[in-house]
Structure formats: structure tokens, C-alpha cells
There are 2 protein chains.
Amino acid sequence: MDKSICPRFEKAMGFLSQRWTGLIIYQLLSGPQRFCSIESSIGVSGRVLSERLKDLENEGIVKRDVFPETPVRIEYSLTKKGVALEPVMREMEKWSQNWLEI
Amino acid sequence: MDKSICPRFEKAMGFLSQRWTGLIIYQLLSGPQRFCSIESSIGVSGRVLSERLKDLENEGIVKRDVFPETPVRIEYSLTKKGVALEPVMREMEKWSQNWLEI
DNA sequence: TATACTAACTTACATAAAGTAAGTAAAATG
DNA sequence: CATTTTACTTACTTTATGTAAGTTAGTATA
């Protein structure tokens, strides 16, 4: 086993190849969203969404904001690092338009 | 559950979010390769690599060529559809260089 | 006041996916 | 004839994900 692949690229792929991560980021590109809204828009279970959002927060890709209104509102949004993934998502979008059938 | 996401994009993400798929494609961007070479370069197990290559072949992203030499040589390479994923990979590469530490 | 409802989770349990290691077949090499 | 290599497959274990129910806090409804 002699890995020749760039460790940074490998790490990046490690994120994106976790189920739902890409779709969560893609969804947040259109603006801050609440937990239940992400949940229903992509169809991920609450259990996994909660896990993913924590991981993405730890990686500095997503941030969690608490608005102390009544009732309290919690919003998730992309950090700079997260927004920087937009070109990746746009290329994915193009590829899917050009090469995939519905 | 009211999914608002583009089904093609969702499908594309479905591929890339399977473990190893992205790295296999990335590896094949540098040219045709044999089974054991992919296996050792990215560190995937033979069991999963075999599964992924079959899936990618069925999707028309990868093709399998058998060269009837002695011993027989089997090479995997990207189809047009597979090569079309290069921009996605390049953007991933850029992002990983700019935002990830080793 | 009791009941129900919503958001944002967590917990417990079941199923699916991936890892590990050994096995197979066909040919080449020592 | 025994061993090695390539390209897999099979059996079994561990990890990841899905499902469904429960929790906490506040809001609305009867």
C-alpha cells in the first residue's frame, strides 16, 4: 500500500464522500437555513443531519447561530470556507445537467 | 418531506458521496490503470474497489479493457462522461489547497 | 387547565455498507 | 512441482446509516 495521492485532496474527498454532506452544503449555498428546513429539503434523517452539522461546524465549514427570540431560532449557514466550495458545486451541477438523465 | 433539490444534482452527489468513488475517478484522470494499481494508490480494499468499478462501468463513467496478452492485462479508464468530471475534481483540488491543512 | 403542536435535538435499536482476511483461477516463474 | 501475480470472490466483523420514539422548551387551541 503506497498511497501517492495528495493528502489534502484525500481529506476533501473524505468530507464530500460522507453521505448527505454535499447536499447539505449545496442547500446552504442558497442562504441560512433552519434544521427542520434542511431536513425536509434533502430528506436526511434528523439523527444524521445533527451529526453532519456538528462535523461541518468543527471543520469550520458551517456555523450555527442562535437568535434568542421567542421562540428561539437556530440558523445554519456557510462560513467563508464553506462558501468557497461553491465552484465545486457549480461544476457538479453542470456535469449533472450535461451527462445525467432524470 | 418536500424535496426541492434538482434530481440530477442529487443523483450526481449520490455517486460522489459513495466512499472511494471520487478518489477512483481522480486517480483515473492521470491515465488508464490496473486493478491492483488503483487499489494500492488510494488504499481501498479489493472487495469495495471491485464493487465500485462495476457501478462506475454501469453508469458509463469507467470502461474496462481486456488485453489478451500473456498474462492477460485488464485496464480501467474513464469514458468521455468520466473525463467530463475533471473540472469538478480540479475545483476540489483548488479548494483543498486553499482551505485545508495537512 | 389540559391537550396538542412545533423546533431541535438525542437515544435505542435494526439494517445496510464497508473493512479484513482468506480463498480461487489462470498463467508465469524458479 | 511449488510459488508468485493479477483480478477477483466469499465469509465474517465492524462501522455507518435509517427508523422510530423520546426529550426539552416554548405556543397555540379547546
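So you know, we letter chains A, B, ... as the sequences are listed, proteins then strands, and number each from 1.
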Hey, does the side chain of [X] come within less than 4.0 Å of [N]'s phosphate (OP1/OP2), counting only N and O?
X	N	result
B:W20	C:dG19	yes
A:R47	C:dC9	no
B:R52	C:dA18	yes
B:S50	D:dT9	yes
A:K54	C:dT10	yes
B:Y76	D:dC8	yes

With the 4.5 Å side-chain cut-off for hydrophobic clustering, are B:L56 and B:V66 part of the same group? yes
Taking atom [atom2] of [N] as reference, at what distance in whole Å does atom [atom1] of [X] sit?
X	N	atom1	atom2	result
B:I24	C:dA18	CD1	P	11 Å
A:L49	C:dA8	CG	P	10 Å
B:I42	C:dA18	CD1	P	13 Å
B:L53	D:dT9	CG	C1'	14 Å
A:F67	D:dA25	CZ	C1'	19 Å
B:E51	C:dA18	CD	P	6 Å
A:E39	D:dT17	CD	C1'	14 Å
A:F35	D:dT24	CZ	P	17 Å

Applying salt bridge (charged side-chain N to carboxylate O under 4.0 Å, His left out) to B:E86 and not counting sequence neighbours gives B:R90
Ring geometry between B:Y26 and A:F9 (parallel below 30°, tilted from 30 to 60°, perpendicular above 60°): parallel
Compare the minimum distances between each of [options] and the side chain of [X], then state the nucleotide with the smallest one.
X	options	answer
A:P71	D:dA7, D:dT27, C:dC9	D:dT27
A:S45	C:dA8, C:dA18, D:dT19	D:dT19
A:R64	D:dT6, C:dC9, C:dA7	C:dC9

Does a salt bridge link A:K94 with A:E91, judged by any charged N lying under 4.0 Å from a carboxylate O? yes
Could a donor-acceptor pair under 3.5 angstrom be found where the side chain of B:R19 meets the base of C:dA17?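 No.
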Walk me through it: do B:E57 and B:Y76 pass the test side-chain hydrogen bond (donor to acceptor under 3.5 Å, both in side chains)? CA-CA 9 Å; B:E57 222 189 315; B:Y76 294 91; 5.9 Å; no
5′-ward residue of the pair A:Q18/B:R73 relative to DNA chain D: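 Result: B:R73.
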